[in-house]
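The model shown is predicted, which means the values in this text are computed figures rather than measured ones. Below, each value reflects all heavy atoms present in this structure, side chains not excepted, and no hydrogens, waters or symmetry copies.
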Amino acid sequence: MFDKLGKLKIKGDGIIWAVFLILCIISIIEVFSASSGLTYKGGSYFKPMLYHTLLLVVGTAFMIVTMNVKCKYFKLVTPFALLFSLLMLIAVLIVGQSTNGAQRWIGLFGIQFQPSELAKGAVILAEAQILSAMQTVDGADRHAFKYIMIVSLPILFLIGIENLSTAGLLFLTILIMMFIGRVPKKQLLRTVGILILAAVIGLSTIMLLGHSEDKQMTANDKMVLTEQVDAEQQKSALAKVFHRFDTWKARIEKFLDFREIPPEEVDLDKDAQTAHANIAIASSNVIGKGPGNSVERDFLSQAFSDFIYAIIIEEMGIVGAFVVCLLYIVLLFRTATIANRCANAFPALLIMGFALLLVTQAMFNMCVAVGLAPVTGQPLPLVSKGGTSTIVNCIYIGVILSVSYTAKRKEEPETRKKGKLAVATASYR
């Protein structure tokens with residue numbers, strides 16, 4: 001029995017495995033530390049951590065199953081994933097459950113999940129397949145851009161209604177993949193120009209139609225006092241489309257407010273997340289307070305999710321924060337190395353897309369935690385406490401491991417082969 005165990009080999013790239021396992025260990029420690037609010041409400045100190053650990057175990061099982069699927073079979077999933085994602089994104093707008101003012105969750109067979117997490121993977125699958133199928137000697141065919149937009153724009157729109165930051169990060173990943181896939185630069189530059197124009201128009205619309213907190217309260221009071229049923233129904237229909245404008249405007253105004261506010265004038269009720277995240281970072285004293293010794297976890301909303309990086313800094317200091325950031329960078333560059341060894345374009349583009357999804361979201365989450373980006377609901381991949389996102393992110397890692405293990409590699413140059421043969425012959429002698 002022990003002889004068989006000794007002969008077992010870990011499938012897939014060892015560095016990717018190491019990054020994944022280290023992030024899981026950090027995740028369990030920090031979620032256990034940051035879940036004081038949940039433990040107080042639930043009456044069990046270990047329950048949130050045990051539940052999160054169970055999710056990681058389930059995610060790891062999905063990862064191992066995915067890792068053992070040959071990369072050529074991932075193409076078969078694409079049409080079904082796109083159709084299912086579209087149906088679920090439409091369904092979540094109609095019958096979805098609202099959390100923190102955003103309607104992002106839906107229940108299916110007793111399981112709650114976020115369709116946006118599945119839709120991101122479907123878009124990456126489709127884009128990798130389009131780019132790989134339309135490669136020429138001079139790069140991707142000019143029509144590839146059109147097909148990618150046809151596939152991705154409806155999903156981006158449906159995601160953006162309730163989760164603008166997720167749609168933005170996904171679109172950024174799509175653009176980077178098109179650059180890697182050698183889409184004509186003129187098309188990319190034109191897209192960036194249109195994107196900048198759309199961003200200006202969108203921000204202007206949000207600032208014009210969105211209400212600040214005082215104006216929003218006045219509008220709500222007026223709506224309560226309105227007696228006309230038709231007007232009420234019209235307002236509720238409009239609210240269904242534009243109800244996120246108020247939240248977006250408030251976040252933008254807070255982010256663009258560069259006034260220096262004295263500590264004694266900080267409103268901890270109004271700006272609780274940002275204020276307590278700043279306190280957590282400032283009180284880390286560079287070296288940190290040690291795992292489990294966070295103070296701000298008791299006051300910081302979503303300390304176990306959106307702001308877990310602030311708790312990591314408070315407990316593990318600058319060194320711990322740097323290590324976590326470095327792990328994601330290693331994940332990206334190691335994936336790029338694996339992609340560069342692939343003989344075919346599809347597996348290379350696929351794993352780069354998934355790695356970019358994970359790393360761009362991680363970097364954005366870190367920027368939010370340290371005040372370099374507006375507050376949004378983006379968890380730290382593989383670290384924050386989550387449900388759908390945790391399992392789906394594990395599947396992404398499984399795809400990367402599958403490609404590193406099963407994808408056909410480029411043939412080595414003859415000179416390198418001869419050199420290796422000479423070394424092997426000399427060692428044999």
Side-chain angles (χ1 to χ4, degrees), residues 85-86 88-94 96-106 113-124 149 151-176 191-213 216 238-257 273-274 301-302 305-307 356-369 371-381 384 386 388-389 392:
S85 298
L86 277 171
M88 289 298 100
L89 287 172
I90 294 171
V92 78
L93 295 176
I94 301 172
Q97 299 177 359
S98 179
T99 304
N100 296 326
Q103 199 163 316
R104 302 172 184 171
W105 297 83
I106 192 170
F113 67 96
Q114 284 184 283
S116 60
E117 293 295 330
L118 302 178
K120 291 190 296 183
V123 169
I124 298 302
M149 290 296 102
V151 169
S152 60
L153 285 180
I155 291 179
L156 286 168
F157 174 75
L158 291 172
I159 294 176
I161 292 174
E162 292 293 340
N163 199 337
L164 187 61
S165 60
T166 296
L169 290 173
L170 178 57
F171 191 64
L172 176 62
T173 302
I174 291 170
L175 286 177
I176 298 174
T191 304
V192 171
I194 295 173
L195 183 62
I196 293 173
L197 179 61
V200 172
I201 295 173
L203 287 173
S204 302
T205 305
I206 290 170
M207 301 307 288
L208 286 173
L209 298 181
H211 299 289
S212 60
E213 293 182 357
Q216 185 180 355
L238 290 173
K240 191 75 174 176
V241 180
F242 299 112
H243 74 286
R244 295 292 291 170
F245 277 34
D246 299 337
T247 302
W248 293 338
K249 180 176 181 179
R251 289 174 176 176
I252 292 169
E253 287 179 340
K254 288 179 182 178
F255 180 69
L256 296 178
D257 187 1
Q273 285 184 311
T274 303
S301 176
Q302 300 297 317
S305 180
D306 301 346
F307 281 88
L356 286 167
L357 266 182
L358 293 171
V359 175
T360 53
Q361 182 177 328
M363 294 303 167
F364 190 79
N365 173 278
M366 295 175 193
C367 287
V368 170
L372 296 178
V375 176
T376 60
Q378 292 296 327
L380 189 59
S384 293
T388 313
S389 60
V392 171

Legend entry - Atom pair CD1/CG of I194 and L197 - distance to nearest 0.5 Å: 8.0 Å
Inset, instruction - Looking only at non-hydrogen atoms, find the nearest pair between S165 and F364 and report the distance. - result: CB-CE2, 4.4 Å
Legend entry - Nearest-0.5 Å distance, OG1 of residue T191 to CG of residue L175: 6.5 Å
Legend entry - T360 versus L357, closest heavy-atom pair with distance: OG1-O, 3.3 Å
Legend entry - Value rounded to 0.5 Å, distance of CG in L158 from OG in S85: 10.5 Å
Inset, instruction - Before giving the answer on side chain to side chain contact (heavy atoms under 4.5 Å, CB included), spell out for V123 and T173 the whole-Å C-alpha distance, their side-chain angles and the decisive distance to 0.1 Å. - result: CA-CA 10 Å; V123 169; T173 302; over 6 Å; no
Legend entry - Point-to-point distance, once rounded to the nearest 0.5 Å, from CD1 of I176 to CZ of F171: 11.5 Å
Inset, instruction - Evaluate the criterion side chain to side chain contact (heavy atoms under 4.5 Å, CB included) for residue pair D306 and V368; output intermediate values, then yes/no. - result: CA-CA 9 Å; D306 301 346; V368 170; over 6 Å; no
Legend entry - Pairwise distance CG(L356) to CG(L169) - rounded to 0.5 angstrom: 11.5 Å
Legend entry - Considering all heavy atoms, the nearest P379-S389 contact: CG-OG, 4.5 Å
Inset, instruction - Enter the distance from L358:CG to L380:CG here, rounded to the nearest 0.5 Å. - result: 10.5 Å
Legend entry - Partner residues of T166 under the side chain to side chain contact (heavy atoms under 4.5 Å, CB included) criterion, sequence neighbours left out: K120, I159, N163, Q378
Inset, instruction - For A119 and I155, work out which heavy atoms get closest and say how close. - result: CB-CG2, 3.8 Å
Inset, instruction - Could you pull out all residues at least two apart from V392 that satisfy side chain to side chain contact (heavy atoms under 4.5 Å, CB included)? - result: E117, L118, T388, Y396
